[in-house]
Enquirer: 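Following this message is one structure expressed as structure tokens.
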Number of protein chains: 2
Amino acid sequence: VTDAPFDAATAVRPHDDGRTFDVTIDPAWTIGPDKPNGGYLLALLGRAAVAAVRAAGGEQPFVVAANVQYVRSPSVGDAVIEVDVARIGRTASQATVQLRQDGAVCVQALCTLGRLEGGADPWWGSSAPPDVAPEDACARPFAMAPATVPTIRQRVSVLFDPSVGFTTGEPSGTGELKGWLRFADGRDPDPLSLLLFCDAFPPATFDVVRTGWVPTLNLTVYVRAVPAPGPLRMRFRAGIIAGGFADEVCEIWDSADRLVAQSTQLTALRLPPPA
Amino acid sequence: VTDAPFDAATAVRPHDDGRTFDVTIDPAWTIGPDKPNGGYLLALLGRAAVAAVRAAGGEQPFVVAANVQYVRSPSVGDAVIEVDVARIGRTASQATVQLRQDGAVCVQALCTLGRLEGGADPWWGSSAPPDVAPEDACARPFAMAPATVPTIRQRVSVLFDPSVGFTTGEPSGTGELKGWLRFADGRDPDPLSLLLFCDAFPPATFDVVRTGWVPTLNLTVYVRAVPAPGPLRMRFRAGIIAGGFADEVCEIWDSADRLVAQSTQLTALRLPPPA
């Protein structure tokens, strides 16, 4: 834990029971007026899960798998997180986590905790990072009027490769975004922050079809390794768009070319009427 | 709901509150002595979620996304499922589901319910089914002594393409299984049964390295369409094996070549000591 904004914004204040936490949802991590970013909320829940598992005697310091449902968007300000530790295990520990505001469930998650390594190559399997142009040749996600830029863009720097069509307004049709990710303040990534980074960019479906907002119904993140210091590269791909739903897969690599996080999400998509 | 064994084995008997269900875990769907198959348990939870959402006024008949944590293996016999409906929505409804036995949580899930179509091609994106040899040229997963064949193999027919190395005892090293799936009694697949089928075969990592049992820490299933009648084809691939964890991705296609289900799971893997 550092004194960087991410650490302050994800602070959890435990009650005596070790499983209830007061939190303050920070207005600097929103994607719209009073609409906190989903990855930021998941990082908050993950930090509470880690604290509750430690309080229950668990020895796993990292969230290695998280599933999350966004039920209703909380407002910025005070909220309460409750963690139910289902099992403290030797390899992994398991918990359910709910964030409530005014008594209503806003976000709920299943968290699996484990240990993670840094550095070493995988024992088997490989996933090479995408070719991404240098950061100074990349573009911000949208050419937006300053007043409409989400506040989270001041905290998380997202830069897209020039090949990503819709940075200039038009979907390219490939359904693939790729680029760089880092904290704007230079804080290095850690396993907890990968929960944030997996949900820190616009929908990959925006590179297929421009729609209204695309709500995430279900998000799963696996954290696979402790990231090396430095910027992250990501690839975010739309899968199948059918029946009002789309799946999207994200992968993140660290500066040592190691795959450090994977995510998949199911989103609801309201298509424009046929032309 | 038919009178086939799958429907009987996933029956849920509601209490008056509409959210608590008595169930009987059927010994015919196990993968070891008194060890129910994880996909079967997820189908049980899914059926309870559908019943509870309907009782709460929701109009979505299918589980379209499910995340599940296996906390401790329940025994066959009586158990109780409790569903908390978090939100009844227009497009989707959301619920948490827990299966308990003797008061202890055994399985817990997040379920998202929606409507699904059959038949039509995706609006965008494609995923072609793998080349699989005809069923009569495929092999059962293991050459096992009859007494050790899991009971679920009498309910769910899994046939692997001849290219899958470890059907004959040796991993091929590709980490990919592909083959046919169907109910042994000829019942056609429906959306609920896809929750079963996504976790109905041996670990894909067995095609990389023979280990002891590979526990699923976290499983996510997306159901994308109502499957057409007839057998299903599946592909199950290991991703990265690192730090004691492996990810595995499964896809299932119906007889009309449509991708009907996707799953991803994180498993714990204890590797053999280096030779």
Side-chain angles (χ1 to χ4, degrees), chain A residues 64-72 84 86-87 91-92 94-96 98 104-105 108-112 114-117 120-127 173 175 205 208-209 215 217-218 220 222 224-225 238-247 249 258-259 262 264-266 268-271, chain B residues 64-72 84 86-87 91-92 94-96 98 104-105 108-112 114-117 120-127 173 175 205 208-209 215 217-218 220 222 224-225 238-247 249 258-259 262 264-266 268-271:
Chain A
V64 297
N67 311 118
V68 59
Q69 271 185 345
Y70 299 103
V71 177
R72 50 183 70 81
D84 279 308
R87 193 172 69 98
T91 304
Q94 295 164 309
T96 54
Q98 289 189 317
V105 175
Q108 50 194 8
L110 303 176
C111 289
T112 304
R115 295 179 195 85
L116 288 172
E117 302 166 354
D121 283 331
W123 186 82
W124 184 86
S126 63
S127 178
T205 55
V208 177
V209 54
L217 297 174
N218 185 270
T220 293
Y222 299 153
R224 303 306 303 273
I240 301 281
I241 302 177
F245 300 107
D247 65 297
V249 170
R258 183 162 186 183
L259 182 74
Q262 304 162 294
T264 179
Q265 59 182 288
L266 191 71
L269 198 82
R270 187 161 306 168
L271 294 171
Chain B
V64 296
N67 312 118
V68 59
Q69 272 185 345
Y70 299 103
V71 178
R72 50 184 69 81
D84 279 308
R87 193 172 69 99
T91 302
Q94 294 164 308
T96 55
Q98 289 189 316
V105 175
Q108 50 195 8
L110 303 176
C111 289
T112 305
R115 296 179 193 85
L116 288 172
E117 302 166 354
D121 283 332
W123 186 83
W124 184 86
S126 63
S127 178
T205 55
V208 177
V209 56
L217 298 174
N218 186 269
T220 293
Y222 299 153
R224 304 305 304 274
I240 302 280
I241 303 178
F245 300 107
D247 65 296
V249 170
R258 184 161 187 186
L259 182 74
Q262 303 161 294
T264 180
Q265 59 182 288
L266 191 71
L269 197 83
R270 187 160 305 165
L271 294 171

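Residue numbers begin at 1 in each chain, while the letters A, B, ... track the order of the sequences. Just so you know, these numbers use all the heavy atoms, side chains as well, and skip hydrogens, waters and symmetry mates.
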Enquirer: Hey, which of V64(A), L116(A), L259(A), V105(A) has the most heavy atom pairs under 4.5 Å with chain B?
Expert: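 Answer, by heavy-atom pair count under 4.5 Å with chain B: V64(A).
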Enquirer: Compare every heavy atom of A92(A) with every heavy atom of L217(B), then report the nearest pair and how far apart it is.
Expert: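 Looking at all heavy atoms of both residues, the shortest contact is CD2-CB, 3.9 Å.
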Enquirer: At a 4.5 Å cut-off on heavy atoms, which part of R270(A) comes close to chain B: side chain, backbone, both, or neither?
Expert: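 Just its side chain gets close to chain B.
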Enquirer: Measuring only between side-chain heavy atoms, which start at C-beta, is V209(A) closer than 4.5 Å to W124(B)?
Expert: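 The answer is no, as the side chains (C-beta and beyond) never meet within the 4.5 Å cut-off.
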Enquirer: Side chain, backbone, both or neither: which part of E117(B) has an atom under 4.5 Å from a heavy atom of chain A?
Expert: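 For E117(B), the contact with chain A is made by the side chain alone.
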Enquirer: Is there a donor-acceptor contact under 3.5 Å linking the side chains of T264(A) and T264(B)?
Expert: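 No donor-acceptor contact under 3.5 Å links the two side chains.
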Enquirer: Could you check which of A66(B), C111(B), A225(B), G244(B) has the highest count of heavy-atom pairs closer than 4.5 Å to chain A?
Expert: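 Top option by heavy-atom pairs under 4.5 Å: C111(B).
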Enquirer: Look at the side chain of R224(B) and the backbone N and O of F245(A), then say whether any donor-acceptor pair between them is shorter than 3.5 Å.
Expert: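 At least one qualifying donor-acceptor pair exists.
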Enquirer: Which pair of heavy atoms, one from P122(A) and one from A242(B), lies closest together, and at what distance?
Expert: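 Nearest pair, atom of P122(A) first, then A242(B): CA-CB, 3.9 Å.
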Enquirer: Contact part of A238(A) toward chain B, heavy-atom cut-off under 4.5 Å: side chain, backbone, both or neither?
Expert: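 For A238(A), the contact with chain B is made by backbone and side chain together.
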Enquirer: Heavy-atom pairs under 4.5 Å with chain B - which of D84(A), T96(A), L271(A), V68(A) has more of them than the others?
Expert: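 Result: the option with the highest number of such pairs is L271(A).
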Enquirer: Shortest non-hydrogen contact from Q94(A) to Y70(B)?
Expert: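 Where Q94(A) meets Y70(B) most closely, the heavy atoms are NE2-O, 3.0 Å.
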Enquirer: Once rounded to the nearest 0.5 Å, what's the spacing between atom CH2 of W123(B) and atom OG1 of T205(A)?
Expert: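 W123(B) atom CH2 to T205(A) atom OG1 measures 9.0 Å (nearest 0.5 Å).
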Enquirer: Is it the side chain or the backbone of R72(B) that comes within 4.5 Å of chain A heavy atoms, both, or neither?
Expert: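 Only the side chain of R72(B) comes within 4.5 Å of chain A.
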Enquirer: Taking side chain as everything from C-beta outward and backbone as N, CA, C, O, which of these in A86(A) sits under 4.5 Å from a heavy atom of chain B? Side chain, backbone, both or neither.
Expert: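 Both the backbone and the side chain of A86(A) come within 4.5 Å of chain B.
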Enquirer: Examine whether an atom of Q108(A) lies under 4.5 Å from a heavy atom of chain B, and if so say whether it belongs to the side chain, the backbone or both; otherwise answer neither.
Expert: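 Q108(A) touches chain B through backbone and side-chain heavy atoms alike.
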Enquirer: Go through it in stages, so that I can follow the logic: the residues are L266(B) and T112(A), the test is side chain to side chain contact (heavy atoms under 4.5 Å, CB included), and I'd like the CA-CA distance, side-chain angles, deciding distance and then a yes or no.
Expert: CA-CA 10 Å; L266(B) 191 71; T112(A) 304; 5.8 Å; no
Enquirer: If you measure from OG1 on T220(B) to CG on D247(A), what distance do you get to the nearest 0.5 Å?
Expert: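 The OG1 atom of T220(B) sits 12.0 Å away from the CG atom of D247(A).
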Enquirer: Give, for atom CG of N67(A) and atom CG of N218(B), the distance between the pair rounded to the nearest 0.5 Å.
Expert: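 Between N67(A) CG and N218(B) CG, I get 4.0 Å after rounding to 0.5 Å.
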Enquirer: Please classify the contact between L269(A) and chain B as side chain, backbone, both or neither, with a heavy-atom cut-off of under 4.5 Å.
Expert: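 For L269(A), neither part sits under 4.5 Å from chain B.
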Enquirer: Mind listing the closest non-hydrogen atom pair of A268(B) and T91(A) along with its distance?
Expert: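 Looks like CB-CG2, 4.2 Å.
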Enquirer: What part of V208(B) lies closer than 4.5 angstrom to a heavy atom of chain A: side chain, backbone, both or neither?
Expert: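 V208(B) touches chain A through side-chain heavy atoms alone.
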